[in-house]
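When a ligand or atom number is given, it counts from 1 through the structure's own listing order. Keep in mind that the numbers below use all heavy atoms, side chains included, and drop hydrogens, waters and symmetry copies.
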Amino acid sequence: MASSRGVTPMLTACCLLALCCSPGAISLLLRSRRVDGGNDRPILGILAQETDFESFQKFGSSYIAASYVKFIESAGARVVPIRLNRSDEEYNKIFYSINGILYPGGGVDLKTSEFSRVAKIFYRKALEANERGDYFPVWGTCLGHQLLSYLTCGENLLTWTNTDNFAFPLNFTKDAKGTKMFADFPDDLLQEMASDPVTSNFHFWSLSVQNFTNNEKLRSFYKVLTTNVHGNIEFISTMEAYAYPVYGVQWHPEKNPFEWNNRTGIPHSRSAMRVTYYIADFLVNEAQKSNHQFSSKKEEAEALIYNFNPVFTGRFSSFDQAYFFD
Ligand SMILES: *[C@@H]1O[C@H](CO)[C@@H](O)[C@H](O)[C@H]1NC(C)=O
Ligand SMILES: *[C@@H]1O[C@H](CO)[C@@H](O)[C@H](O)[C@H]1NC(C)=O
Ligand SMILES: *[C@@H]1O[C@H](CO)[C@@H](O)[C@H](O)[C@H]1NC(C)=O
Ligand SMILES: *[C@@H]1O[C@H](CO)[C@@H](O)[C@H](O)[C@H]1NC(C)=O
């Protein structure tokens, strides 16, 4: 399973970048790298999802797995749950109060769910805001990553791969050089990511490289950073938009340190922990570039996830803890 395809050129390209790239490319890279002195009190929204499985329904009509919350908190940001079935006015107000949004994994329909409807509202606002120079990162994990592909091209191009409960290394593409997401990752960690099973995969469906490449909208919007192969299908495992701070991972960085139930698919090695921490650091730093804020301390306090208590769900679900909402 291990493969170092692409990683050596990528590392070399990073090292040589300062020597051989155009000034434009260098300034783009520098802009995408960690900045200090931005918003050091970032707040990320996490989109709630319908409780589509029975064991969760008695707790609420929507939920957020607590691992996503811990993932963001671990890198120095706070979390606001984005609840479903709210008015456009309320979503607009939240958008201008938070510094980025995360679409988590799960199992609802890409086209017809309330999760998808609300994701689309924030996605559109994010693109518009970024076009005006109002920085606003959008992150999708697993179903959230698949949803990004749907929001970008307007079609569900997924194919069944049944990639449920597998830990994989990543196959870096040659385009991974000059990437925003991995810019601050140490070389030794990138090497480990290419050889050790550090990414957790729990997805029945995947976006194949074939369908991605055949779709002009996807191909021109996203750069593919990594792929994986499962059951003869090569699928997109990591992507980032060329011109917007929009990022998708088919794997689950939040599970490595915070979910313990599924033994084979969730790595807890030291390198797996480092992957999570560097991804969380990247995402929180992206949020630090946004200057949105709540109009008052009171409104901020009322919106934070601290108003809810997570439930220990590990005895009957694959999530150890989850937050529930009406
Ligand atoms: C959203 O509202 C619809 C219509 O009232 C309702 O059927 C559904 O259960 C609600 N979903 C959530 C997650 O609150
Ligand atoms: C491509 O997308 C279609 C849906 O439009 C899907 O039926 C098909 O399985 C996909 N093929 C591959 C190779 O991903
Ligand atoms: C990486 O790509 C190679 C060649 O396509 C494939 O055989 C291998 O399974 C891939 N590795 C992973 C972890 O997906
Ligand atoms: C993951 O763990 C949960 C809870 O133990 C279990 O119900 C589920 O079947 C597991 N899933 C896989 C794919 O092993």
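Counting atoms of ligand 3 from 1 in the listed order, those under 4.0 Å from a heavy atom of N228 are 12 (C), 13 (C), 14 (O). With ligand atoms numbered from 1 in the order given, ligand 2 contributes 1 (C), 2 (O), 5 (O) to contacts under 4.0 Å with heavy atoms of L157. Contact atoms of ligand 3 toward P169: 13 (C) (distance under 4.0 Å to a heavy atom of the residue). Short contacts between ligand 2 and S208, defined as distances under 4.0 Å to a heavy atom of the residue, involve ligand atoms 12 (C), 13 (C), 14 (O). Set against the non-hydrogen atoms of L84, the atoms of ligand 1 under 4.0 Å away are 13 (C).
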Between K217 and E155, does the salt bridge (Lys or Arg N to Asp or Glu O under 4.0 Å) criterion hold? Intermediate values first, please.
CA-CA 10 Å; K217 286 183 185 152; E155 287 175 81; over 6 Å; no
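Looking at atom 10 (C) of ligand 2, its nearest protein heavy atom turns out to be N211 ND2, 2.6 Å. Protein heavy atom nearest atom 4 (C) of ligand 2, with residue, atom name and distance: N156 O, 3.7 Å. Shortest contact from atom 13 (C) of ligand 1 to any protein heavy atom: S61 O, 3.5 Å.
For Q49 (side chain) and G107 (main-chain N/O), a donor-acceptor pair under 3.5 Å exists by modelled atom type. No donor-acceptor pair under 3.5 Å is formed between the side chain of Y278 and the backbone N or O of D184. For R315 (side chain) and T313 (main-chain N/O), no donor-acceptor pair under 3.5 Å exists by modelled atom type. Of the possible polar contacts, none joining the N214 side chain to the N211 backbone as a donor-acceptor pair under 3.5 Å is found.
Every heavy atom of L207 sits 4.0 Å or more from the atoms of ligand 2. Taking a 4.0 Å cut-off on heavy atoms, L158 registers as neighbouring ligand 2.
Considering E73, E254, K255 in turn, E254 is the only one that fulfils the side chain to side chain donor-acceptor pair (under 3.5 Å) rule with Y68.
There is no protein heavy atom closer than 4.0 angstrom to atom 7 (O) of ligand 2.
Nearest to atom 3 (C) of ligand 3 by heavy-atom distance, out of N201, T227, N171, is N171. Here the shortest heavy-atom distance to atom 2 (O) of ligand 1, taken over N85, V118, D326, belongs to N85.
Considering backbone and side-chain N/O atoms, T159 comes within less than 3.5 Å of an N/O atom of ligand 2.
Between the CH2 atom in W205 and the CG atom in N156 there is a gap of 7.5 Å [rounded to 0.5 Å].
Nearest heavy atom pair, residue Q146 against residue L158, reads OE1-CD1, 3.4 Å.
A donor-acceptor contact closer than 3.5 angstrom is absent between the side chains of Q191 and D188.
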